[in-house]
Amino acid sequence: MPSSSQNFDWLNRGTSEIFPNQPQSDNPEENLEQRILKSDRPLRVKLGIDPTGTDIHLGHSIPFRKLRAFQDAGHTAVVIIGDFTAKIGDPTGKSEVRRQLTTEQVKENAQTYLKQLRPILDFETPGRLEIRYNSEWLGKLDLAQIQELLATMTVGQMLAKEGFAERYSQEKPIFLHEFLYPLMQGYDSVAIEADVELGGTDQKFNIAVGRDLQRHFHKKPQFGLLLPILLGTDGAQKMSKSLGNYVGLREDALSMYSKLEKTPDALLKDYFELLTNIDLATLSENPRECQKLLAIEIVSQFHGQDSALQAKQTAEQIVLQGNTHADGDSVPEYSLSEVTFPAKIFYILGASGLCKSSGEGRRQIQGGAVKLEGEKITDVNLTVDAADKLVGKVLQVGKKKFIRLVE
RNA sequence: GGGUUGGUAUCCAAAUUGGUUAAGGAGUUUGACUGUAAAUCAAGUGCUUAUAUGCCGUGGGGGUUCGAUUCCCUCCCAACCCA
């Protein structure tokens with residue numbers, strides 16, 4: 001057996017909490033390091049995702065990175081696709097009920113998710129990855145079994161859960177089926193016999209329910225390993241698609257880079273710790289340097305180093321020169337074929353999607369934000385009488401939004 | 001089932017003995033500054049190939065009125081209390 005001096009940095013880096021946790025104990029039921037050392041088989045490490053959307057962002061990637069660390073240490077990652085639970089929606093952290101999804105949407109989303117996880121997880125090494133859909137067991141539960149699950153918890157226990165407590169006190173609606181969610185997630189742990197479950201700190205309740213249920217069904221209770229919730233690029237609220245402060249794993253290199261290079265100073269250390277393997281002690285004092293290193297490092301993970309470096313170059317060109325000579329490929333094109341001429345510029349702004357509406361386009365021109373081929377447009381009603389006067393030119397709103405006009 | 005309170009823009013939130021542009025804040029967009037940022041300052045933030053006595057807009061629909069976020073009818077949604 002390995003000695004107790006084995007290095008557990010991979011386990012503890014960026015980890016917010018492990019429970020149960022008795023650091024002094026050598027009981028493998030109370031101390032995860034002991035469990036790892038003393039187990040005669042690879043541990044089964046569970047991580048669930050609900051395929052409720054199509055995009056995964058860096059915040060979601062954190063537990064998956066930890067899962068990868070477990071894989072690299074020789075353990076089995078069990079990824080649960082919550083195709084069944086997605087139809088209920090995790091009430092965690094929600095102030096409102098989630099919309100329920102159709103089976104087709106869920107299936108499609110699951111595939112998209114797995115694709116996005118390829119750069120993070122080890123899909124190759126045999127025995128290191130299991131992918132399970134929880135409809136496999138949840139779909140088979142009959143009413144008697146559901147009743148048994150429900151009987152393991154009280155309304156009071158449920159209402160103690162953060163999101164519910166809040167909604168209850170604010171007199172916001174809580175639907176009964178939402179109570180089922182933690183029980184189902186917990187039952188997943190029973191079904192796959194999880195040794196460890198990973199999740200964000202907001203998952204503590206749900207993971208703890210898993211332990212209770214495992215005990216109820218006479219299985220060994222799992223450990224919970226909680227990871228911090230990543231703050232978004234605004235530095236204020238947690239990263240989330242709906243708040244728009246996220247970096248999606250599917251984004252192209254340039255877009256990723258330009259978001260990450262302006263990571264708020266206060267967040268740099270967390271981002272390095274949670275999203276890279278770089279030794280924190282080696283970081284530069286200069287925050288600007290760190291931002292760039294962070295951006296390069298993360299973009300490399302998903303797009304390779306070459307693309308990352310190129311993105312850096314392009315980003316610098318765009319921002320520093322504030323001009324339209326960005327890399328030709330990275331400027332989206334808009335076809336003028338739908339436009340009837342003579343056309344007003346503000347109309348083209350709206351029609352091309354550069355602005356939300358032609359009204360907004362108009363206002364942006366008034367605000368001096370619109371440039372055509374690098375020249376500021378000052379006349380709100382500027383009208384172009386034929387398409388060929390615009391073809392090949394670049395239309396720009398602000399510093400970041402460009403389109404190239406084509407036929 | 002009975003009762004009470006409430007629903008205002010992306011979110012929060014004012015205003016109504018019926019009166020013209022639906023306060024304010026947050027968010028967001030743009031400009032200045034800068035380290036690309038943050039902070040700060042300024043402007044914008046329903047629609048329309050618009051300059052017009054235009055159209056839309058306070059949960060949905062209808063009504064009264066010169067005029068409705070406000071009054072009436074009806075429907076929908078939620079919370080709370082009672083059973």
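Numbered from 1 within each chain, the chains take letters A, B, ... in sequence-line order.
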Kindly state each residue pair satisfying side chain to side chain donor-acceptor pair (under 3.5 Å) with at least one member in residues 337-348 of chain A, sequence neighbours excluded.
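Output for this query lists A/Ser335-A/Ser337.
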With a 4.0 Å cutoff (strictly under), does any side-chain N or O of A/Thr340 reach OP1 or OP2 of B/rU49?
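False: A/Thr340 side-chain N/O out of range (4.0 Å or more) of B/rU49 OP1/OP2.
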Pairs where residues 63-84 of chain A contributes a residue and the test salt bridge (charged side-chain N to carboxylate O under 4.0 Å, His left out) is met, not counting sequence neighbours
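Those involving residues 63-84 of chain A are A/Arg68-A/Asp72.
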What pairs with [X] under side chain to side chain contact (heavy atoms under 4.5 Å, CB included), at least two apart in sequence or on another chain?
| X | result |
| --- | --- |
| A/Ser357 | A/Glu360 |
| A/Glu407 | A/Val391 |
| A/Asp388 | A/Ala386 |

Tabulate atom names and distances for all N/O pairs under 3.5 angstrom spanning the protein and nucleotides 78-82 of chain B.
| residue | atom | partner | partner atom | Å |
| --- | --- | --- | --- | --- |
| B/rA79 | O4' | A/Glu171 | O | 3.2 |
| B/rA79 | O2' | A/Glu171 | OE1 | 2.8 |

What is the nucleic acid contact for [X], judged by heavy atoms within less than 4.0 Å: base, sugar-phosphate only, or nothing?
| X | answer |
| --- | --- |
| A/Gly398 | sugar-phosphate |
| A/Gln291 | base |
| A/Asn286 | nothing |

Going by the rule salt bridge (charged side-chain N to carboxylate O under 4.0 Å, His left out), which residues pair with [X] if we only count those two or more places apart in sequence or in a different chain?
| X | result |
| --- | --- |
| A/Lys356 | none |
| A/Lys46 | A/Glu197 |
| A/Glu130 | A/Arg44, A/Arg132 |
| A/Lys312 | none |

Which letter, B, S or -, goes with each nucleotide of nucleotides 40-45 of chain B from 5' to 3', with contact meaning a protein heavy atom under 4.0 Å?
----SS
For B/rG27, does the base pair up with any side-chain atom of A/Asn245 as donor and acceptor (N or O, under 3.5 Å, distance only)?
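In this structure, the two groups form no donor-acceptor pair.
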Take N1-N3 plus N6-O4 or O6-N4 for Watson-Crick, N1-O2 plus O6-N3 for G-U, both under 3.5 Å. Which runs of 3 or more such pairs involve RNA chain B?
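The stems are B:1-7 with B:76-82, B:10-12 with B:24-26, B:27-32 with B:40-45, B:59-63 with B:71-75.
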